[in-house]
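All of these numbers come straight from a predicted model, not from anything done at the bench. Reminder, nothing fancy here: chain letters follow the sequence lines and each chain counts from 1.
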Protein chains: 2
Amino acid sequence: MNAGFQFPPNVLAAECPSRTVLKHLTSQWGVLVMLALQGGTLRFSALRRRVGGVSERMLSQTLQALEGDGLVLRIAHPVVPPHVEYSLTVLGVGAAERVGALTGWIEDHLAEIQAAQVTA
Amino acid sequence: MNAGFQFPPNVLAAECPSRTVLKHLTSQWGVLVMLALQGGTLRFSALRRRVGGVSERMLSQTLQALEGDGLVLRIAHPVVPPHVEYSLTVLGVGAAERVGALTGWIEDHLAEIQAAQVTA
DNA sequence: GGAAGTACATACATAAATGTTAGTATGAGA
DNA sequence: TCTCATACTAACATTTATGTATGTACTTCC
């Protein structure tokens with residue numbers, strides 16, 4: 001059924017397949033896309049406006065990676081001006097919660113961090 | 001006191017300073033180092049052995065970034081064969097908890113994710 | 001005596017991430 | 001008619017991340 005991996009999964013192990021998922025989720029744009037989709041379904045261009053600084057290319061690549069991991073659902077309506085909607089899968093909602101907890105923590109403690117930066 | 005940033009902090013905004021901290025924490029090695037230090041104080045070489053795949057160069061750079069954000073504490077004992085200890089600061093403990101929640105989630109749901117990858 | 005371990009820095013080289021520009025097919029609005 | 005918006009892809013250029021090799025100063029173990 002599965003290849004010869006070590007179990008249970010451990011991200012600290014270099015060859016653990018969880019590393020790939022970790023990379024997708026913690027990539028610069030991966031984090032932000034998950035966060036943006038936490039607010040609900042969004043179209044490609046709306047997502048692009050929501051995530052400050054993403055290029056179309058990066059957004060599309062990031063979405064494909066997350067879709068490939070089963071975290072994001074892509075629904076394309078075959079209409080003439082393209083209409084595609086992105087949302088979180090059930091699995092994605094769980095991941096987004098943890099990602100959101102991290103970014104939320106950073107936002108809440110940014111002042112303290114900046115104070116530490118000056119002192120150090 | 002502070003420059004002309006927008007408040008409150010918002011990672012979805014391209015110019016928000018929280019983006020820098022996010023980058024450090026979600027960098028490939030940043031995540032893993034925080035995780036490794038969750039288990040307690042470690043010396044440089046022990047840390048290197050713990051985090052599968054890091055090179056000395058990356059480990060040292062990562063530690064410096066995290067130290068600069070006030071998340072990691074570095075204590076150097078001025079002895080002849082160098083002896084340096086790394087640990088999480090109070091601030092770092094909070095960050096590590098969120099990072100750990102994310103990596104833990106990934107490890108716990110890796111099977112589901114892999115199933116989705118095959119199907120998709 | 002020679003090898004190995006410690007905690008790095010520095011220089012160089014390469015791999016990976018990201019950005020920029022242009023292009024596609026078509027409909028709506030000025 | 002001309003431009004804009006949509007959701008992309010492909011090609012190319014650049015920046016950033018990461019790896020590799022080497023050196024250091026001194027000590028301990030074989």
(request) Scan nucleotides 21-30 of chain C nucleotide by nucleotide, 5' to 3', and note B when protein non-hydrogen atoms come under 4.0 Å of the base, S if they reach only the sugar-phosphate, - if neither. (result) -----SS---
All N/O pairs under 3.5 Å across the protein-nucleotides 15-17 of chain C interface:
none

(message) So, applying side-chain contact (heavy atoms from CB on, under 4.5 Å) with B:Leu102, which one of A:Val31, A:Val99, A:Val11 is it?
(response) A:Val99
(request) Return each pair, listed once, that meets ring-ring contact (aromatic ring centres under 6.0 Å, His included) where at least one residue sits in residues 32-73 of chain B; pairs must be two or more places apart or across chains. (result) none
(message) Keeping A:Glu112 on the side-chain end and B:Leu91 on the backbone end, is there a donor-acceptor pair under 3.5 Å?
(response) no
Under 3.5 Å, which donor-acceptor pairs do the side chains of residues 72-79 of chain B form with other protein atoms, sequence neighbours left out?
none

(message) Tell me the closest heavy-atom pair linking B:Ala116 and A:Gly70, and the distance in Å.
(response) CB-CA, 3.7 Å
(request) Give, ordered by number, those residues of residues 31-53 of chain B having at least one heavy-atom distance below 4.0 Å to an atom of DNA chain D; if nothing qualifies, reply none. (result) B:Gly53
(request) Work out which heavy atom in A:Leu88 is nearest to a heavy atom in A:Ala96; give both atom names and the distance. (result) CD1-CB, 3.7 Å
(message) Distance check, rounded to the nearest 0.5 Å: A:Leu71 atom CG versus A:Leu63 atom CG?
(response) 11.5 Å
(message) Classify B:Gln64 by what it touches in the nucleic acid, base, sugar-phosphate, or nothing, heavy-atom distance under 4.0 Å.
(response) sugar-phosphate
(request) Indicate yes or no for a side-chain donor-acceptor contact from B:Glu107 to the backbone of A:Pro8 under 3.5 Å, with no hydrogens or angles considered. (result) no
(request) Could you identify which residues cluster with A:Val90, counting Ile, Leu, Val, Met, Phe, Trp and Tyr as linked when any side-chain heavy atoms lie under 4.5 Å apart, either directly or through a chain of such contacts? (result) none
(message) Going 5' to 3' along DNA chain D, which are the first and last nucleotides with any atom under 4.0 Å from a heavy atom of chain B?
(response) D:dA17 to D:dT27
(request) Could you note down all residue pairs passing side chain to side chain donor-acceptor pair (under 3.5 Å) where residues 87-97 of chain A supplies at least one of them, sequence neighbours left out? (result) none
(request) Using the side chain to side chain donor-acceptor pair (under 3.5 Å) rule, collect all pairs that involve residues 42-61 of chain A, keeping only residues at least two apart or in two chains. (result) A:Arg43-A:His83, A:Ser45-A:Arg49
(message) Going by the rule ring-ring contact (aromatic ring centres under 6.0 Å, His included), which residues pair with B:Trp105 if we only count those two or more places apart in sequence or in a different chain?
(response) B:His109
(message) Rounding to an integer number of Å, can you tell me how far A:Leu59 CG sits from C:dT18 P?
(response) 12 Å
(message) Show every side chain to side chain donor-acceptor pair (under 3.5 Å) that has at least one partner inside residues 17-30 of chain B, sequence neighbours left out.
(response) B:His24-B:Asp69
